[in-house]
Amino acid sequence: MNTTQSATNKSTADSQTTAEALRDELAAANSHVENPEAQQHVDRAIELLNDLPPTPLVECPGCGVVGLPERIAVHDCL
Ligand SMILES: [Zn+2]
């Protein structure tokens, strides 16, 4: 029985980048923050995330497939 392929890609949706997932997490946290000063920091963090440039795509040196670096790192390479 082969179980080695089941551990990856569980934490984010297929098309979601780490930055997008992080933004979602911060937005979720923001709805629970009651300290106004802490909320400013969460708001600022979300702003900074929105200012990040989009992640450039990379090409796998092994098989040539093109995609986000975090997806290339875990893809099923030949
Ligand atoms: Zn590859």
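For ligands, and for the atoms within them, numbers begin at 1 and follow the listed sequence.
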- Message: So, using side chain to side chain donor-acceptor pair (under 3.5 Å) as the criterion, who are the partners of Gln39 when residues are at least two apart?
- Response: Asn30
- side chain to side chain donor-acceptor pair (under 3.5 Å) partners of Asn35, counting only residues at least two apart: none
- Message: Rounded at 0.5 Å granularity, tell me how far OG1 in Thr18 sits from CG in Leu52.
- Response: 11.0 Å
- Item | Over all atoms of both residues, closest heavy-atom pair of Ile46 and Arg23 | CG2-CG, 4.2 Å
- Message: Between Val58 and Val66, is the side-chain contact (heavy atoms from CB on, under 4.5 Å) condition met? List the steps.
- Response: CA-CA 6 Å; Val58 298; Val66 175; over 6 Å; no
- Note on the structure: Taken in chain and number order and not counting sequence neighbours, the residues that satisfy salt bridge (Lys or Arg N to Asp or Glu O under 4.0 Å) with Glu47 are Arg44
- Query: What protein N/O/S atoms lie closer than 2.8 Å to the Zn ion (ligand 1)?
  - Reply: Cys60 SG, Cys63 SG, His75 NE2, Cys77 SG
